[in-house]
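Notes follow the structure.
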2 protein chains.
Amino acid sequence: MAEPDFILRENCPQRRIHYILNGKWTSMVLSVLSYGPMRTGQLERALPGISKKMLTQTLREVENGGLVHREVFHVVPPKVEYSLTPLGIRFVEPLSALYDWAKDNAAALDELEDNLRRSAEAASKQGE
Amino acid sequence: MAEPDFILRENCPQRRIHYILNGKWTSMVLSVLSYGPMRTGQLERALPGISKKMLTQTLREVENGGLVHREVFHVVPPKVEYSLTPLGIRFVEPLSALYDWAKDNAAALDELEDNLRRSAEAASKQGE
DNA sequence: CTGTATCCAAAATGATACTG
DNA sequence: CAGTATCATTTTGGATACAG
């Protein structure tokens, strides 16, 4: 007798996909790179608020995962270009779908955030 | 002159959707509930490894966000049932797509994890 | 069975100064 | 321009004991 579909075991694909969702910036870096190869500085400007440390760290991770290719041009000033690998392109697919949904459903996001705000206010009222 | 599409500003939908992706369990809880209303204990068993604290905390969050409805039955022993609200159902849509992709692309996940493992081994070789 | 409160450990992120 | 290293901080998660 098979287990119900809704059980999410420790090593099921649904949990494993969270690898690219866990990091605060990972999926956004991949998404930006889906628009084409980009230099470090461009990536930095495409992700307002990211720190230099997190940018480098995230890029190393996706590079280690084989999702992104790093190419160094030995010129002055130094130039480094990042681009998606074929594997990286596969992973961008579901991410783009998710982001497209987000763009098309900003109203739902508003609603969610309004609800959270209201519930936070209600909670703080208690403490007065 | 408009900005490039790939710029992800602080309050763009692509960043805001990460609200439901950030928590370690949030999206999985929603996914499980998409199979139908469920009691606390069922949810716990559907998510092996989740602690009681995280389960409650996650449920409170999605409840506050208006994604999940909590219904208490005043019986002994106590019974509480959770179910998706209409808003919650909307959010499950892109999540299911993501999870379906993961199930269909386990090979890509393997490849990613192999790459990461290899790069970790290579890194530790350095330190010997 | 369901839920709360604490205390604690670990992980993720950020600011900054420095190097080639 | 690109990257490293370090330190401090914040966030997150989990174990446990207790309560209705």
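So that the names make sense, note that chain A is the first sequence line, chain B the second, and so on, each numbered from 1.
Between the side chain of B:K52 and the base of C:dG3 there is at least one donor-acceptor pair of N/O atoms closer than 3.5 Å. A donor N or O paired with an acceptor N or O is found under 3.5 Å between the base of C:dG14 and the side-chain atoms of A:K53.
B:E113 places no side-chain N or O within 3.5 Å of a backbone atom of B:D110 that could act as its donor or acceptor partner. With hydrogens and angles disregarded, no donor-acceptor distance shorter than 3.5 Å links the side chain of B:T85 to the backbone of B:H69. Between the side chain of A:R70 and the backbone N or O of A:E63, no donor-acceptor pair lies under 3.5 Å.
A:Y82 comes within 4.0 angstrom of the backbone, heavy atoms only, and of no base. A:T40 comes within 4.0 angstrom of sugar-phosphate atoms only, judged by non-hydrogen atoms across all strands, and of no base.
Between the P atom of C:dA5 and the CZ atom of B:R60 lies a distance of 11 Å, rounded to the nearest Å. Rounding to whole angstrom units, CG of residue A:L55 and P of C:dT13 are separated by 13 Å. To the nearest angstrom, C1' of D:dT11 lies 11 Å from CD of B:Q57. To the nearest angstrom, P of C:dC1 lies 16 Å from CD of B:E81. Note: NZ (B:K24) to P (C:dA11) measures 10 Å, nearest angstrom. Between B:E71 atom CD and C:dT2 atom P there is a gap of 14 Å when expressed in whole angstrom units. Whole-Å rounding puts the B:L43 CG to C:dC1 C1' distance at 13 Å. With rounding to whole Å, A:E44 atom CD is found 13 Å from C:dG14 atom C1'.
Applying the ring pair (Phe, Tyr, Trp, His ring centres under 6.0 Å) test to A:Y82 and every residue at least two apart in sequence or in another chain returns nothing.
Between C:dG3, D:dG3, D:dC1, one nucleotide has an atom nearer to the side chain of A:V80 than all others, and that is D:dG3. When distances run from any side-chain atom of B:M54 to the nucleotides C:dG14, C:dG20, D:dG14, the shortest one goes to D:dG14.
Mapping B:T56 and B:R45 onto DNA chain C by nearest heavy atom places B:R45 closer to the 5' end of the strand.
Within the 4.5 Å cutoff, side-chain heavy atoms of A:F91 are placed close to those of A:L87.
At the phosphate of D:dC1, neither OP1 nor OP2 sits under 4.0 Å from any side-chain N or O atom of A:R39. Remark: B:R70 is in phosphate contact with C:dG3, judged by side-chain N or O atoms under 4.0 Å from OP1 or OP2.
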